[in-house]
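Single-structure report; data block below.
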Amino acid sequence: MDRQPRLVTMGPARIASLRKPGGAHKYDHGHAVILSGGAGATGAARLAARAALRIGAGLVTLGVPPAAQLEVAAHETAVMLMRIQDAQTLNARLEDARISALCLGPGLGVDRAGPLLARALVDARCPLVIDADALTAIGKDGALMAALHSGCLLTPHMGEFARMFPDIEVPDAVTPRAAALRRAAERAGCTILLKGAETLIAGPDGTCYRHSATGDRAAPWLATAGAGDVLAGIITGLIARGHAPIDAAATGAWLHAEAARLFGPGLVAEDLPEMLPRVLSRLGV
């Protein structure tokens, strides 16, 4: 019989992991880097960056191609910028050992995502959150799938999952769906978060969590453009702060849905990062 996934709850240990001790330097709380697409395609990465900053990463930097630098600078203040034109530039930037999490995918564009991801999988010394266009790049290139490792976290929706794992059927029922996700995580050798009202997170060791945004915890307002980019940013910020990928995914899924529920009808993606301080306050963080 398939094992039931563990339900994500916000118990004392998970809440305690969100607190910041006093007297620390910003780098003690991690440096998250989020790669951006080109001019006119920076919004998704900016949403992720804002979320990473709001969840407590000490420093968040957007890696932008030169053509998009002025566009991003006009929108951002607390988020830092660095120029990343191509894979060679990324290689040089990744020499900074203070980078503690790297996010690739939101608004990146598949053509830009493929080479950058290939370089990051080899050269990054930190965990990788792989989302959106970077997932599509994996579905198109078996070499990228083969290069995944235990420091990676994939965050697909159902369509992206099907492109990466076309031979793994994902049933509707939660328990067999968890079994399918475990098979995918074991094959990829990394953690996978499969998004949905019933979000499932599986590690390569068979550990599996379930976050339910149904019933009295339903958050239908999350069905809006950019919400997934915010989730990627929350998870990236948590990993930057030192959370293991599977724990960051579970905690991030809970916080993401709670922020949406707290805001309610009329939610747009930009609202989600701004709700995180209220969510954290209610938790006593």
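These figures come from a predicted structure and were not determined experimentally.
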- Item | Shortest non-hydrogen separation from Ala269 to Ala225 and the atoms involved | CB-O, 3.3 Å

- Message: Tell me whether the count of non-hydrogen atoms from other residues, nucleotides or ligands lying under 6.0 Å of CG in Leu70 goes above 12.
- Response: no

- Task: Flag the pair Phe165 / Leu181 as yes when at least one side-chain heavy-atom distance between them is below 4.5 Å, and no otherwise.
- Result: no

- Do Lys140 and Thr136 come close enough that some side-chain heavy atom pair is under 4.5 Å? yes

- Pair Arg217 + Glu258: basic N to acidic O under 4.0 Å: yes

- Message: Less than 4.5 Å apart, side chain to side chain, heavy atoms only: is that true for Leu104 and Val129?
- Response: no

- With clusters built from Ile, Leu, Val, Met, Phe, Trp and Tyr whose side-chain heavy atoms come within less than 4.5 Å, directly or transitively, what are the remaining members of the cluster of Val60, listed by chain and number? Ile34, Leu53, Leu62, Val64, Val72, Val79, Leu81

- Is it true that Arg50 and Glu76 have a side-chain N and a carboxylate O under 4.0 angstrom from each other? no

- Residues that, via side-chain heavy atoms closer than 4.5 angstrom, fall in one hydrophobic cluster with Val122: none

- Partners meeting salt bridge (charged side-chain N to carboxylate O under 4.0 Å, His left out) with Glu198 (sequence neighbours left out): Arg210

- Message: Arg278: which residues meet the salt bridge (charged side-chain N to carboxylate O under 4.0 Å, His left out) condition with it, sequence neighbours left out?
- Response: none

- Any chance you could pull the hydrophobic cluster mates of Met80, using side-chain heavy atoms under 4.5 angstrom and chaining through other members? Tyr27, Leu59

- Message: side-chain contact (heavy atoms from CB on, under 4.5 Å), that's the test. Do Cys190 and Leu154 meet it? Break it down for me.
- Response: CA-CA 8 Å; Cys190 66; Leu154 312 182; 3.8 Å; yes

- Query: Do the side chains of Met10 and Leu18 get nearer than 4.5 Å, heavy atoms only?
  - Reply: yes

- Query: When clusters are formed from ILVMFWY side-chain contacts under 4.5 Å, directly or step by step, what else is grouped with Leu7?
  - Reply: none

- Task: Would you mind reporting whether Pro65 and Arg112 have side-chain heavy atoms less than 4.5 Å apart?
- Result: yes

- Query: Side chains of Ile235 and Leu193: does their closest heavy-atom pair fall under 4.5 Å?
  - Reply: yes

- Message: Could you check whether any side-chain heavy atom of Thr191 comes within less than 4.5 Å of a side-chain heavy atom of Pro204, counting everything from C-beta outward?
- Response: yes

- Message: Does either side chain, that of His243 or that of Thr251, offer a donor lying less than 3.5 Å from an acceptor on the other one?
- Response: no

